[in-house]
Structures are given as C-alpha cells and as structure tokens.
Amino acid sequence: MSPLQTSEAGAPGLALRKIRSLGNHKALVAYALAVLIFVAGQLVSPGFGAFSNIMNVLNISALLGFIALAQMLVVLSGGEGIDLSVGAMASLGAVMSSQLIGGLDGNLPLAVIVVLAVGFLIGCTSGVGIAYFKVPPLVMTLAMASVIQGAALVYTNGQPKGMASPLLKELGTGRTAGIPNLVLLWLALALLVWLFMTRTKWGNLLYGLGMNRLTTELSGIRTRVVRTVVYGASGAISAIGGMLLLSYTGTAFLDIGAAYMLPTVIAVVIGGISLAGGLGSYNGTVAGAILLTTLSSILITLNISEGGRQIVYGGILLLLLIVYGRQKTA
Amino acid sequence: SKKESGSEGSAPASGSSASASQGGSDKEIKPIVVGMSNGYIGNGWRTQMTEAIEQLAEEYKKKGWVEKIIVQHAGVDVNNQIAQIRNMINAKVDLLLIDPNSETALNPVIEEAVKKGITVITFDQPVTTPKAINVVIDQQQFGKNLAEWFVHELGGKGDIVIVSGLAGHPANVNRLIGMKEVLGRYPDIKVLTEVNGNWDEANAQQVTSNLIASYPKIDGVLTQDGMALGVVNAFQAANKELPVITGENNVAFLKKWKELKDAQGFNTYGQNNPPGIGATALGIGVRLLQGKKSKLPMKDNTYYYPIGTHIKNDNLEAELAKVSDKPDTYTLDEMLSEEQLNSYFE
Amino acid sequence: MNGHNRWHKLQHHSLFPIAILFLIVVGVNAVLQPGFFTYDVIHSNLASFTPLVLASMAQAVVILVGGIDLSLGMAITLSTVIMAATMDDSPSGILIGIGLALIATFAVGALNGLTVGFLKLPAIISTFAVSSICYGAALLIMPQPGGYIPYVFYETYQATIASFLPVSLLFILAGLAIWAFIRRRKIYRHLYAVGGSEQAAYANGIPTRKVKLYAFLISSIFIVLAALVIVSQTATGDANIGRAYTLNSIAAVVIGGISLQGGKGNLIGAVLGALILGLISNIIFFANLSSFYQDLIKGLIIIFALTLSILPSLRKKALA
Amino acid sequence: MQLLEAKSLRKSYGGVAALRDGNLICKQGKVCGLLGANGSGKSTFSKMISGVVKPDGGEIWFNGTKLDVANPQEARKQGIIMVHQHLSLIPELTIWENMTLGIEPQGRLGFVNDKASKETAQAFLAKFAPELAIDLKVRELSLAQKQFVEIAKAIAQQPKLLILDEPTAPLEQSEVEKLFAVMRELKARQTSIIFISHRLWEIKSICDYVVVFRNGETVGAIDFDTEAKDESLIVSMISGKEHRHALGERTGGRLDPGADTLLEVRDFKLRKAREGLSFKVKKGEVVGFGGLQGQGQEQLLLALSGLEQPAGGQVSLGGRRLKLRHPKQAVREGIVLVPGDRHKEGLFLQHDVLMNLIYPQFATRKTGFLLNWKKLKREAEEVIRQVNIVPNDPGKVVQYLSGGNQQKVVVGKWLPLAPKVLLLSDPAKGVDVGAKRELYDTVRRLAEQGTSVLLYASDHEELMDICDRVFILFEDQIVDEIFPAEYGEQRFVSASLRSAKAAGPAAAAGRPSAAAAGR
Ligand SMILES: Nc1ncnc2c1ncn2[C@@H]1O[C@H](COP(=O)(O)OP(=O)(O)OP(=O)(O)O)[C@@H](O)[C@H]1O
Ligand SMILES: Nc1ncnc2c1ncn2[C@@H]1O[C@H](COP(=O)(O)OP(=O)(O)OP(=O)(O)O)[C@@H](O)[C@H]1O
Ligand SMILES: [Mg+2]
Ligand SMILES: [Mg+2]
C-alpha cells in the first residue's frame with residue numbers, strides 16, 4: 001500500500017475517518033481506472049504499461065497534483081469555492097522563479113520565499129474579494145487570473161528571462177532509484193497534507209468551514225479571515241507549483257500554467273471532493289490527477305486525429321462522472 | 001507647422017542614412033498614424049516582434065514619417081481582434097499592421113478598413129483577402145526546409161513521429177503540408193503518429209515522453225518552433241539516446257545544442273522565424289503610404305520574406321556568439337534594413 | 001412624495017447598480033473616444049459587442065436555473081463550423097447550413113440538459129466534458145479554418161436598416177424578443193423556481209429535470225444566434241473561434257447582477273454586463289496604455305466592476 | 001367514508017430507516033392529527049403521500065384505487081396537496097407567482113394568464129392576510145407570512161386531501177385560530193386534512209382523530225368521537241413512557257437571592273430601535289425573554305453572541321466591559337449561543353457527532369496545533385453521556401440523528417468549554433417531548449453549576465417552567481418583567497399581548513423593572 005492510502009492503524013479520530021472514507025471510495029475507483037488504462041494501453045500500444053512510462057505519467061501527474069492541491073483546499077473550504085486563477089498563478093510562479101533563480105542554485109531559497117509570498121498575497125486579495133465583498137469565487141478568481149496574467153506580462157516585459165538552476169532541474173527531471181524525484185516529493189507532500197488535514201486543528205477547521213460557514217462562525221472562528229487565508233494558501237501553492245513546472249521544463253514561458261486551470265477542478269471532483277465543500281481528501285485528488293493524466297497520455301499515444309482525441313476525452317470524462325461523480329448538490 | 005518642425009528636427013539625425021535625405025518627396029510626406037493589432041501576447045517571439053516595431057516606429061517618428069503608433073494585443077480570440085481592428089478604424093489610423101489570429105476570419109473587417117482608405121498589411125501569418133498585403137515567411141517552405149534536412153539526416157528511412165504545433169492553426173497546417181510533401185517522396189519513412197505539442201515546450205515534453213514509452217523505436221522526431229527543447233528534454237529524462245530531431249533558433253535551444261554537440265556530437269538544424277518581420281511590414285507600409293512605388297517581389301498580394309539565417313553545426317558557435325547577452329527566450333532575428341527597403345521602393 | 005417613491009423603487013430595482021455601472025463606463029468611453037456618440041462608432045461598437053451579448057444571454061438562462069455552461073463557447077464554435085462547412089450561396093444551402101447548426105446546437109443543449117438535469121452531474125464538470133466533445137467534433141468537421149459563408153451574411157451584418165437601425169442591434173432585439181416570448185410562458189417562472197430552490201420547485205409539482213433541460217435548449221437558441229452573428233462578421237468557420245465566450249459570458253452574467261446560485265437576476269442584466277465588458281475593452285484601447293499593461297488594467301477594472309455589482313447585496317447582511 | 005389508506009409504507013435513507021411501517025386512514029371531511037416525536041417519520045410519511053418521496057415499499061389506496069404516486073405532479077392531479085414543514089416557496093418570485101406555481105392558468109397560445117393568477121392569489125390570501133400585497137417578493141416576508149402564503153397556495157388548489165406539516169410552528173395563537181377557522185371551512189366542504197403538530201392543545205381543538213407514530217411505526221390511533229381527549233394517554237403513546245409533567249418540576253425562582261451579578265447589558269439598541277434596553281443577569285440565573293414573536297428576542301441573543309452588531313450599547317461580564325465584535329470574542333469570554341436554526345447555524349450535518357462536539361474548541365486555545373484525538377474522543381463521549389445523545393456513537397453522522405438528538409449535539413458541544421453565559425434561541429422548537437425534557441435538564445444542571453442562561457422560547461410554558469425571571473419584549477424594548485414563581489400563566493399571556501405603552505404599570509407593581517432602570 002502506498003503511504004497515500006490511509007490506514008486504520010493511525011486512526012486519527014472518528015470524524016476524519018468518516019470524511020476520508022467518503023473520499024477514499026472514489027479515490028479507489030480512480031486508482032483502479034488508472035491501472036485499467038495502463039493495462040489497456042499496454043495491449044494497444046506495447047510499452048505504455050512499462051515501469052518507465054508509468055513513472056513518466058506519474059511525473060506529469062505530480063505537476064497537476066501539486067497545483068490541484070491548491071484547488072482542493074479552496075473547493076474544500078466551501079461557499080462555492082473554486083480557484084480559476086491557479087493556472088495563471090502557476091505561470092507567474094514559473095516566470096518569477098526563472099528570473100529570480102537565473103540558473104544559480106544560490107538564488108533558490110530567495111526565489112522560494114518571494115514566490116510563496118507573492119502567491120500568498122495575490123491569493124489573499126482574491127480571498128478578500130470573496131470573503132469580505134462577497135464576489136462569487138468563480139468570477140473573482142477568473143478576473144484575478146487575467147490580472148495575474150497581466151502582471152506576469154508586466155513583470156517579464158513579455159519575455160521571461162533566466163532559467164532553472166541545476167538543483168531545481170535535478171528535482172524536476174532526475175530520478176532516484178528509478179522513481180522521478182518529483183513523484184517522491186509528491187508522495188512526501190501527500191503525506192504532509194494528510195497529516196495536516198487529519199491531525200491538526202487547522203485541517204479540521206477547514207472541513208467544518210466547508211460544511212457550514214455559519215456554524216463555524218458561531219463556533220467562534222473568524223471565517224472570513226480563514227477563507228482569505230485559504231485563497232492565499234491556494235495562491236502560494238500554485239505559485240510554487242509554477243516553480244515545479246519550471247523544474248520540469250528548465251525555462252519558463254508566460255502561459256506555462258494555463259493548461260492546468262480546469263483539469264485541477266476535474267481532478268479534485270473525480271477524486272471525490274464535494275463541490276459543495278467540507279468533504280473529501282487529498283488522497284482522492286491525487287487519484288484524480290493520476291487518472292486524468294493517464295487518460296490524456298493514452299489518448300496521445302493512440303494514433304487518432306486531434307478531433308477524435310477531444311471527443312474521446314470528453315466522452316470518457318462524462319462516463320466517469322455518470323458512473324461515480326454524481327452529486328446531490330452543486 | 002508642428003509636423004514640419006518635426007521633420008526638420010529629424011533630418012540631422014538621419015543624415016547618415018543616404019536614403020532618408022534623398023528625394024524631393026519630403027514636402028509631400030505627411031506623418032501617418034499607425035495601428036498595430038497583435039493577437040497572442042506572452043511569448044518571447046511576440047514580444048520581440050512588438051519591440052522591433054515600436055523601435056522602428058520611434059525612428060520613423062524622428063524622421064517625421066510617423067506621427068503616432070497604437071500597439072494593441074487582442075489575445076488569441078478572433079472576435080476580440082475584430083473589435084480591436086474596428087477600434088483602430090474608429091481611431092482613424094492610416095496604416096494598419098495585423099498579426100492575424102486567423103487566416104480567414106478577419107477578412108470582412110480588413111475589407112471594411114480598406115474601404116475606409118486604410119492600408120492594411122498582415123504579417124507573420126497571411127490572410128486570404130486580396131485587399132491586404134501579406135508580409136510573411138513561406139510557412140510551407142519553412143516546413144519543407146525542416147523536412148529536407150530531416151530525411152537527409154535519416155538517410156531516407158526510419159520510424160518517425162511528428163510533434164506539431166496548434167491543431168488547425170494556419171502556420172501549423174502549412175508547415176505540415178510542406179513537411180508531408182517531402183516525406184511523401186520517401187516511402188521508407190514511416191510516420192508512427194502525429195501529435196500536437198501546441199508550440200509549448202512543456203506540452204511537447206509531455207507528449208514526447210508518452211511517445212517514447214509507447215514506441216520502443218523512434219528514429220526521428222520532426223518538430224518545429226518552440227518545442228525542440230521539450231523533445232530533447234523528454235529523451236534525456238527517459239535516458240534514451242537522442243534520435244534525429246529538427247531544431248530551432250532560440251537562445252535556450254542553441255545553448256542546449258552547443259552543450260550536446262560538445263558532449264556527444266549532436267547535430268540538428270534550425271532556421272529563423274524572425275520576429276523582425278513585423279518591423280519589415282512597418283517599413284513597407286510607411287513607404288507605400290508615402291506614395292512610393294514598390295518593386296517588392298510579390299506573389300499576388302503576398303511578399304514572402306526570404307529566411308536568411310540557417311544554423312547547422314558548422315555555424316552554431318558563430319551565431320550563438322551574436323546573442324550571448326540575450327535571455328533564453330530570445331529568438332534569433334533579422335529584418336529588411338532601411339537600405340534594403342529603400343532599394344525595393346522608388 | 002410620489003416622485004420620491006418612484007426613485008426609491010428605482011433604486012431597489014435589481015438592475016439599478018448595473019445600469020449605473022453601464023452609465024459610468026459609457027461616460028468614460030465618451031471622454032476617451034472622440035466621436036463615441038457618432039452613428040458610425042455606435043454602429044461598429046454594436047457590431048463588435050453583439051456576439052458576447054447573445055452568448056451572455058445564453059449563459060444567463062442556464063445560470064438562472066442554477067447551472068453553468070462551460071460548453072457554450074465550443075457549442076458556438078461547432079455551430080459556426082457546421083454553417084461554414086455546409087453553406088453555399090443558394091437559399092437552400094443557407095437554410096441547410098442554419099438548420100444543421102440548429103440541430104447540432106440543440107443536440108449539445110440536450111446532452112447538457114440530460115447530464116445536468118436528469119443525471120444530476122455537477123454542471124461545471126459535465127459541461128466541460130461536453131465542451132471537449134464539441135471541440136473534437138468541430139475539429140473533425142473542419143481541421144483547419146475555412147469553409148464558406150455567403151457574402152450576403154457579412155454584407156447584411158454591416159448594413160443599416162431604415163438608415164438608423166444597425167442589423168447587429170436587430171440581433172440583440174431578436175434575442176430580447178425571444179426572451180419576451182418566453183417570459184409569458186410557464187417555463188419562465190419555472191426557471192426561476194428551479195434556480196431559486198430545486199427542492200421547493202419539485203415539491204410544487206414542477207418537473208425540475210425537464211426545466212433544466214429546457215433551460216439548456218432555450219440557451220441553444222441564443223447560441224445559434226451568436227454563431228450566426230460570428231459567421232456574419234468572420235465569414236469563416238474556425239474551431240477556435242468561440243473559445244473565449246465561455247468565460248467572458250460568465251463574467252458578463254455576474255457583472256449583470258445574476259446570481260451564480262441561480263434564481264436571481266434579470267436577462268437584461270446579462271445584456272448590460274456584456275456591453276460593459278465590451279466597453280471596458282474600448283476604454284483600454286482608447287486610454288492608449290503601454291501594451292504590457294493592457295491585460296493588467298483590464299483585469300483590475302473587471303474586478304472593480306464585479307465588486308461594484310455585488311455591493312448592493314453587501315448592504316443587506318454582513319454574513320450570508 | 002375513507003378517502004385514503006396508507007398501508008405499511010417504508011422508506012430508508014442510506015441504511016437508516018426513516019419510516020418502517022407507516023399506516024394511516026384518512027376519513028372524508030375529517031381532520032386527522034398525525035403525532036409523533038421528532039424523527040418518528042411524520043414528514044417522511046406525508047411526503048410519500050404527496051409524491052415528493054418515493055416509498056421503498058407499502059401501498060397507498062386513494063378513493064378505492066391503488067395509487068402509484070411517482071411525483072408531486074401525480075399527487076396533485078389526484079387532489080393531494082401538501083404544505084411542507086420546510087417551506088417550499090421560491091424567495092425571488094412574488095406571492096402571486098408562488099401561489100400559482102406549477103398550476104399557472106393558461107391563456108391563449110399557451111401564454112400564462114397573469115390576471116387570473118393574481119385574482120386567485122388575492123382571493124385565497126385574503127382569508128389569512130388581507131393586508132398583504134400579492135406582488136411582494138416572498139423573500140421580503142416574515143416567517144409567519146410565508147407560512148400563510150404556503151397554506152393559501154395549498155388551499156387555492158382545492159385539494160381533496162390537504163396535508164399540513166407543522167403549519168403552526170411559526171404562528172402565534174391568534175394566527176393559529178385563523179388557520180383553524182379555514183380548516184373548519186374546508187372540513188365542511190368534505191376536504192380531508194392531515195394535520196401535524198407538536199402542540200397538544202392544537203391537536204385537541206381541531207382534530208377529529210389522531211394517529212401516532214413512534215420510531216417510524218404507527219403505534220395507534222384515538223378517535224375523539226368515541227374516546228376521550230386524554231392528554232396523558234397521547235403523550236405516553238408518543239413517548240412510549242408514562243407521562244409526567246412535560247418539563248419536570250418547575251425550577252424557576254430557586255436561585256439564591258444573594259448571587260452576584262454576572263452579565264450586565266446596558267442601552268442595547270437592537271435593529272432600528274431608538275431606545276436601548278438594559279438588564280442584569282446573576283450568576284446561575286435563568287432569564288427568559290418572552291413576548292410576541294419577532295420582538296427582538298432573537299436579535300438580542302445574536303447581538304450577545306457577537307454575530308450581529310447592535311446599533312449601540314455595552315455589555316459587561318463580571319464587571320468588565322466586553323467588546324463583542326465577533327462570535328470569537330464572545331466564545332472566548334464564555335458566552336455561547338445555541339441558535340434557532342440548528343441545521344443552518346448549529347451543525348455540520350454531514351460530519352459526525354465527534355467532529356461537531358469538538359469543533360468549538362478550535363476557537364479557543366484549548367487545543368494545540370496538533371490534535372490529541374484520544375483525549376478529544378474521551379471528552380466527546382463524556383458529553384454524549386451528559387446530554388444523553390442516542391445512539392451514543394460519536395462516529396454517527398449528525399444528519400442521521402433525530403431532531404431532538406441533533407439539538408442535544410448543539411448544546412453539548414459547548415459543555416467542554418464550561419460556558420459562563422449560555423444563550424438559547426428557541427432550543428425546543430420542533431423538539432419532541434422527551435428530548436425537550438432532557439434538553440432542559442441539561443440547562444438546569446448548567447445553571448446549578450453557575451452558568452447564567454438567557455433563554456428565548458416561543459412556548460410560554462417553557463419560559464414559565466425554566467426561568468427565574470422573564471422579560472417581555474415588545475418592539476425591541478423590555479416592557480415587563482415577570483417572576484414565574486409568583487405569577488400564573490395568565491399574567492404572562494396578558495403581558496405579552498400588551499402594547500409598549502401599557503408597560504408602565506409593570507413598574508408600578510412594586511418592583512422596579514430592569515426596563516425602567518435602563519431609562
Ligand atoms: N433525506 C433524508 N436523508 C437521511 N435521513 C433522513 C432524510 N429525511 C429524513 N431522514 C431521517 O428520517 C427520520 C424521520 O424523519 P422525519 O422528518 O420524517 O421525522 P418527523 O417525524 O417529521 O420529525 P419532526 O417532528 O422533527 O419533523 C429522521 O431520523 C430523519 O433524520
Ligand atoms: N428534482 C428533485 N428534487 C427533489 N427530489 C427529487 C427530484 N427528482 C427526483 N426526486 C426524488 O428522487 C426520487 C427518485 O427519482 P426517480 O425514481 O424518478 O429517478 P431515479 O433515476 O431513481 O433518481 P436517482 O437515481 O437520482 O435517485 C423521486 O421519487 C423523488 O422523490
Ligand atoms: Mg417533520
Ligand atoms: Mg418538527
């Protein structure tokens with residue numbers, strides 16, 4: 001069992017076991033489907049199910065999975081929470097990292113701090129609009145996405161400079177014992193997130209906030225502050241996600257993260273997080289990210305036209321939703 | 001009077017240029033208003049293109065040829081660009097430079113502009129209306145060049161994959177046509193599959209990774225703009241020997257190329273897709289509006305800018321040295337010089 | 001007293017804040033753009049704004065019923081591609097083109113209606129999946145842009161009727177007329193009922209699933225209108241032409257004061273919201289900002305507009 | 001003559017049985033009282049009859065034929081109309097649009113006939129609230145007004161069988177009487193009615209017979225034509241136990257007169273009130289707030305909880321002035337609220353009991369960053385024991401508990417914080433007799449341990465039984481102060497009904513009222 005799978009041994013409390021198990025059911029289905037795709041892929045196109053390719057797909061999943069963590073926190077926090085600025089934020093994170101690092105390992109710590117801080121602050125700005133001015137998250141983050149894009153353009157003068165440092169590149173493309181470093185990092189992150197969500201006060205607080213904001217408020221929690229911080233965290237995580245994109249590609253370009261905007265939402269939902277908030281787990285999101293990436297991979301591998309690929313992708317997504325993505329609300 | 005003083009003031013500055021001070025047409029030259037409608041913004045190419053135009057426009061302002069330039073980016077949306085061009089018309093520009101988002105969809109609005117007496121030059125990508133002048137590189141030829149080098153390097157046989165740009169994009173389509181024309185002549189070359197890397201390095205890296213996994217033997221990857229580095233990265237990440245890969249002329253790739261050449265004798269080929277083509281278009285447009293007669297070698301309404309810089313292993317170092325101070329995303333550039341331009345007009 | 005009362009009523013009309021916003025944006029435009037109020041400029045602005053206006057009406061119907069349609073842009077695309085692929089200059093060719101586009105768009109609407117309404121899938125994901133299907137179909141029909149749209153289309157679209165009525169405005173009026181027709185039918189109230197509270201609507205004997213399906217079908221009418229306008233001004237089919245309308249229409253709808261939760265707002269708001277978005281683009285244009293700042297400033301203005309359009313509900317209660 | 005017979009109706013949700021064996025017979029032109037504790041399945045049963053919920057099993061016979069009510073539309077066609085416990089009005093539509101929703105009269109060409117709609121709406125609404133303009137949006141109405149619209153809407157459809165699920169909950173007595181008058185009218189026209197209520201006096205005054213549910217099963221029926229209206233028999237059928245005094249013995253007025261003042265509220269201006277209200281509460285005292293509904297009682301509690309800001313005024317606790325800008329500050333000071341709407345304001349419905357019980361501790365510094373789940377679980381089990389949540393499983397998801405047990409969770413979650421002041425906003429609303437008793441036992445115990453309690457209850461009896469003192473509110477002002485230990489219910493009711501102007505004599509009763517002291 002991978003450490004992502006929660007085991008009964010570490011039972012952190014009944015509440016969370018329940019919440020998680022709701023996510024786990026869907027997570028298991030998603031994992032199983034991903035395995036199925038690998039098996040089918042191996043049959044259609046030998047080599048697709050090979051260890052190296054599985055690692056390859058996991059490597060790419062890790063990038064989606066990192067950014068999807070940002071999305072998950074926001075969706076989990078409820079109030080129709082959704083963050084459509086994760087893609088733009090990742091782009092900004094990537095171009096900022098690239099310029100700040102400029103190919104030198106010595107600049108890494110500074111870059112991490114600055115990228116985190118900028119991501120957090122911009123995220124908080126969205127959070128303020130959402131929590132205090134009651135702008136619906138969907139449109140607030142959508143508009144913020146274009147602001148971030150614009151900011152990245154201004155910041156780079158339209159031409160991102162610099163590049164990843166050797167250490168960062170090693171992280172993004174290197175392997176340890178045959179397993180991509182990014183995947184190992186992802187595993188560690190998943191474990192941390194799991195601990196955070198189940199064992200800490202803040203993780204649990206978030207589940208409550210997502211389930212019922214008024215109850216949370218009356219329990220003496222400053223929900224608006226917490227919501228603001230959640231969007232801030234989402235910003236910071238996506239910005240760091242951008243840095244990881246840079247680690248994978250080596251150089252950044254201005255819409256490097258754009259393609260991640262909606263897939264993060266899908267990964268989160270496929271993984272069993274309720275769009276209404278308050279239920280689900282990162283384990284599910286991890287599964288969702290892997291499943292989505294596996295699906296696009298096999299479609300790339302098949303020798304069909306782009307139009308055919310798009311239709312199959314959409315069709316399979318619909319089927320997935322019909323089979324186990326039906327929700328009572330939202 | 002303001003205009004005149006402007007042109008007088010600029011005269012000494014351009015004194016070195018033999019062409020600028022020549023000709024008695026100075027009195028007739030009215031400074032013009034230029035509109036530049038760009039679509040997508042956000043990669044180095046478009047930025048260089050924009051900057052080159054703005055820079056040249058500054059020079060022309062000093063010469064008194066240009067009164068004002070409006071530079072706008074519409075993003076990838078065609079309808080947004082149509083709205084923007086309508087705004088340019090309403091702003092009463094004399095010359096309209098367009099890097100079009102679509103080969104056909106802007107035709108009606110371009111014709112609208114021409115009807116209002118505006119000279120329209122599209123560059124980078126052509127449009128199909130005969131009312132506009134296209135200033136472009138020959139994308140089919142561009143694709144052909146890549147493919148010719150590619151099949152030669154492969155020795156005319158092998159299993160290959162094609163990683164192309166954005167599905168349906170005219171430049172991509174034309175390059176593919178050129179490529180396939182060449183490939184068609186070599187029956188021993190088998191195209192395993194064709195995928196889209198969307199002119200995006202990360203995307204190209206991802207799709208190539210998948211291809212490497214599913215096709216145990218890949219002898220060559222035929223790719224183009226902005227994606228070669230991703231393809232190379234994917235092979236390196238998978239610890240595979242590099243097959244034959246077509247290259248490109250941006251600094252990041254050239255650096256990588258140099259590194260690989262030194263380490264393992266890697267060989268590839270890149271040609272310029274010059275961002276300066278926008279500035280060339282401006283130079284042409286300004287002269288047309290000055291009533292000069294064009295001797296440009298046109299094919300119908302299209303001027304195919306001949307690509308000047310082709311890089312292979314033998315001239316790699318020399319070309320790289322020229323751009324050593326540029327950022328990684330910089331694309332090797334070229335454009336028609338004022339002298340060249342003048343030679344095409346009288 | 002009476003006048004005061006009327007003012008009070010006006011102030012509390014759901015369209016009040018958006019109308020104010022509209023006037024502000026018009027005002028700024030008029031200052032920045034000489035000749036803003038001349039007929040030519042109005043004509044050309046309307047021509048530019050009409051597609052988004054119609055797309056926003058389409059989006060608004062779905063949002064009113066509590067859904068959201070992320071396939072809207074690609075449904076428009078599919079529609080344009082079909083028209084461009086099938087039309088020729090003959091009247092029958094034109095009719096066939098429009099007819100096939102209608103059928104395809106309604107099929108997309110029905111698919112959305114079935115998945116969201118009957119299968120209860122989360123709209124934000126399922127319509128995205130449908131969007132991918134539409135895009136794929138459009139690419140299959142037209143792998144590269146092109147096709148043929150009869151010349152009469154773009155001639156007509158640029159034309160003026162009775163020397164004062166731009167045809168583009170006619171399209172908006174047609175959209176509003178369709179809505180006025182729907183307004184007087186049961187379905188209108190049912191849309192609001194289902195959007196307001198699905199449970200309550202169901203308990204009132206309203207066939208909630210069908211109502212959602214109808215919402216997507218009504219939306220399809222506006223989508224086809226939008227596609228017609230787009231082919232009229234582009235004279236081509238292009239698999240990427242509609243993409244931007246999905247998110248822009250959502251922004252327009254929200255700026256127009258329609259609640260994303262459904263059941264609240266007015267379709268006129270969506271029309272104004274779309275016009276406001278278009279006018280904001282014009283402000284950016286005529287403010288002649290340095291090119292790299294355009295996106296940034298535009299985004300900030302939109303956030304400002306959003307916040308402004310939300311403000312009235314802020315006055316009501318501190319915590320929702 | 002029987003109109004409807006339901007046999008062995010069953011329904012479960014995710015393995016939890018909401019109704020096991022529901023049986024009921026509706027007689028033509030009679031009012032059938034449907035009784036049962038919270039969660040006994042009354043609403044579920046009614047929803048099956050009206051087609052909103054599909055039964056898992058059982059049969060419904062209507063007018064001699066077997067019915068298969070697949071949806072509410074079907075039921076409507078048969079003449080079965082239900083007024084739901086949780087109202088089914090659309091807030092953004094007007095009254096008249098709501099009243100004809102789903103049955104819009106059609107005119108020519110399939111257009112709706114708004115004129116006819118409005119006439120119908122006007123005619124039927126006039127029976128209850130003739131002063132209400134029918135083109136107001138429903139969201140602008142008070143709860144009672146909404147209830148009237150809902151009932152008028154049902155009656156406008158001229159049902160053969162009318163199901164009223166707790167229609168009187170938001171109504172006051174005079175309004176209830178209005179409803180009863182209309183019900184009698186319907187009866188005379190041979191309409192059958194199923195009437196659900198937790199208030200026995202209502203049942204006794206309007207019903208011809210009653211059917212009692214317990215734990216999802218029909219346990220019996222009493223026909224008032226032939227049998228006595230024996231309250232204790234009914235209650236024992238509902239609870240399954242011998243009936244004692246509903247809330248136990250009266251405990252008000254036992255407070256040590258020498259106790260210290262704990263909470264002092266001065267010049268509190270609620271909503272748009274021009275004048276503030278002031279009062280003091282002693283340590284361990286239970287103070288009630290009565291009067292007509294909607295006179296500011298709930299606002300007062302919300303303001304003290306920090307959720308809403310009063311227009312002015314001060315609060316001090318133990319002599320220290322407090323800032324109550326946010327519930328967080330209140331909670332940290334030990335002022336906690338049991339809100340009126342437990343689903344919306346008090347619970348995480350889809351989380352389990354444990355999560356709900358420990359949650360308030362997150363707002364305090366009681367838990368560190370890392371949670372000690374073992375300890376928390378022990379604490380939760382202790383709370384479950386204290387307030388007697390059934391079943392006593394901390395892993396149970398709250399939405400599967402019955403209403404009364406859910407309310408116990410809402411109260412219980414505050415116990416580990418040992419609150420100084422407990423604010424209760426109509427905590428027994430819709431809670432059945434047994435659970436109500438247990439709830440108030442907990443409250444009494446807390447008071448004995450020194451917690452001051454501020455209680456708003458819509459039910460007079462509750463205030464009389466529990467409180468040491470009761471303030472009567474009228475238009476956000478305290479107009480009277482009553483000591484239940486000394487006065488009977490009569491005094492109470494009359495005080496509630498008196499207008500603000502008549503408040504004067506209360507002060508003249510010898511004791512200076514807190515209201516008077518505030519001025
Ligand atoms: N949709 C649902 N999902 C899960 N459980 C439900 C649902 N509806 C009702 N229940 C459960 O079924 C049981 C019966 O509920 P019902 O609402 O019928 O009771 P009731 O007699 O009307 O109670 P009350 O007097 O509180 O209104 C309760 O335990 C309730 O929690
Ligand atoms: N829009 C709705 N709002 C509330 N309840 C509904 C709604 N639609 C259906 N229901 C309830 O769900 C029950 C099941 O519906 P039905 O049997 O018609 O379809 P179904 O395919 O079984 O639905 P599902 O699988 O989603 O439960 C209905 O009896 C009804 O009680
Ligand atoms: Mg009930
Ligand atoms: Mg009840």
Side-chain angles (χ1 to χ4, degrees), chain A residues 41-42 44-50 52-57 59-60 63 91 94 98-99 103 146 149 152-153 156-163 169 172-175 180 245-246 248-259 293 296-307 309-310, chain B residues 40-51 73 75-76 161 164 166-168 191-217 226 229-230 232-234 236-240 250-253 255-256 326-331:
Chain A
Q42 176 70 16
V44 179
S45 157
F48 188 79
S52 68
N53 190 47
I54 294 177
M55 285 306 130
N56 205 348
V57 170
N59 200 356
I60 298 161
L63 297 171
S91 300
S98 168
Q99 291 195 197
S146 68
Q149 250 160 19
L153 205 56
T156 58
N157 269 322
Q159 199 163 2
K161 293 159 200 73
M163 58 167 137
K169 263 188 174 151
T173 54
R175 296 188 180 205
L245 289 182
L246 176 70
Y248 183 68
T249 59
T251 50
F253 47 98
L254 272 166
D255 39 14
I256 190 169
T293 313
S296 4
S297 291
I298 185 135
L299 288 177
I300 287 166
T301 307
L302 298 177
N303 193 9
I304 47 175
S305 73
E306 183 65 26
R309 280 186 198 124
Q310 292 284 344
Chain B
Y40 174 74
I41 179 78
N43 61 21
W45 195 98
R46 296 280 173 142
T47 306
Q48 271 175 257
M49 177 273 282
T50 307
E51 280 172 353
H73 310 286
V76 289
V161 294
S164 31
L166 202 60
V191 180
L192 295 171
T193 186
E194 191 188 317
V195 293
N196 295 302
N198 299 350
W199 287 318
D200 167 333
E201 195 182 299
N203 203 322
Q205 189 169 342
Q206 178 185 342
V207 299
T208 310
S209 301
N210 281 310
L211 294 176
I212 293 170
S214 344
Y215 298 100
K217 178 171 161 289
L229 192 57
V232 169
N233 280 342
Q236 287 197 319
N239 263 330
K240 289 255 187 174
N250 69 47
V251 172
F253 184 75
K255 281 184 186 162
K256 184 87 186 177
K326 302 288 190 196
D328 269 10
T329 46
Y330 185 83
T331 303

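Just so we're on the same page: letters track the sequence lines, and every chain starts at 1.
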Which portion of A:Pro46 sits near chain B, non-hydrogen atoms under 4.5 angstrom
backbone
B:Leu192 portion near chain A, given a 4.5 angstrom heavy-atom threshold
backbone
Engaged part of B:Tyr40 at the chain A interface, taking heavy atoms whose separation is under 4.5 Å
side chain
Looking only at A:Thr293, A:Asn53, A:Ile54, A:Leu245, most heavy-atom pairs under 4.5 Å shared with chain B are made by A:Asn53
Please rank A:Asn56, A:Ile298, A:Val44 by heavy-atom pairs under 4.5 Å with chain B and give me the top one.
A:Asn56
Which portion of A:Leu302 sits near chain B, non-hydrogen atoms under 4.5 angstrom
backbone
Value for OG (A:Ser91) from CG (A:Leu153), rounded to nearest 0.5 Å, stands at 11.5 Å
Which atoms form the tightest heavy-atom contact between B:Gln205 and A:Thr173, and what is the distance?
NE2-CG2, 4.3 Å
Chain B: which of A:Ser98, A:Ser297, A:Ser45, A:Ser305 shares the most heavy-atom pairs with it under 4.5 Å?
A:Ser297
So what's closer than 4.5 Å to chain B heavy atoms on A:Val57: side chain, backbone, both or neither?
side chain
A:Thr301 versus chain B, the contacting section by heavy-atom distance below 4.5 Å
both
With a 4.5 angstrom heavy-atom cut-off, could you sort out which part of B:Gln236 is near chain A: side chain, backbone, both or neither?
neither
Measure the spacing between CG of B:Asn233 and OG of B:Ser209 and express it to the nearest 0.5 Å.
9.0 Å
For B:Arg46 against B:Ile41, the heavy-atom pair lying closest together:
CB-CD1, 4.3 Å
Out of curiosity, B:Lys217 NZ to B:Lys240 NZ, how far, rounded to the nearest 0.5 Å?
11.5 Å
Minimum heavy-atom separation for A:Gly162 to A:Thr251, with atom names?
O-CG2, 4.3 Å
Under the 3.5 angstrom rule, does the side chain of A:Gln42 hit a backbone N or O of A:Gly47 as a donor-acceptor pair?
yes
Heavy-atom distances under 4.5 Å only: say whether A:Ala252 touches chain B with side chain, backbone, both or neither.
backbone
Using a 4.5 Å cut-off on heavy atoms from C-beta on, say whether the side chain of B:Asn250 contacts that of B:Trp45.
no
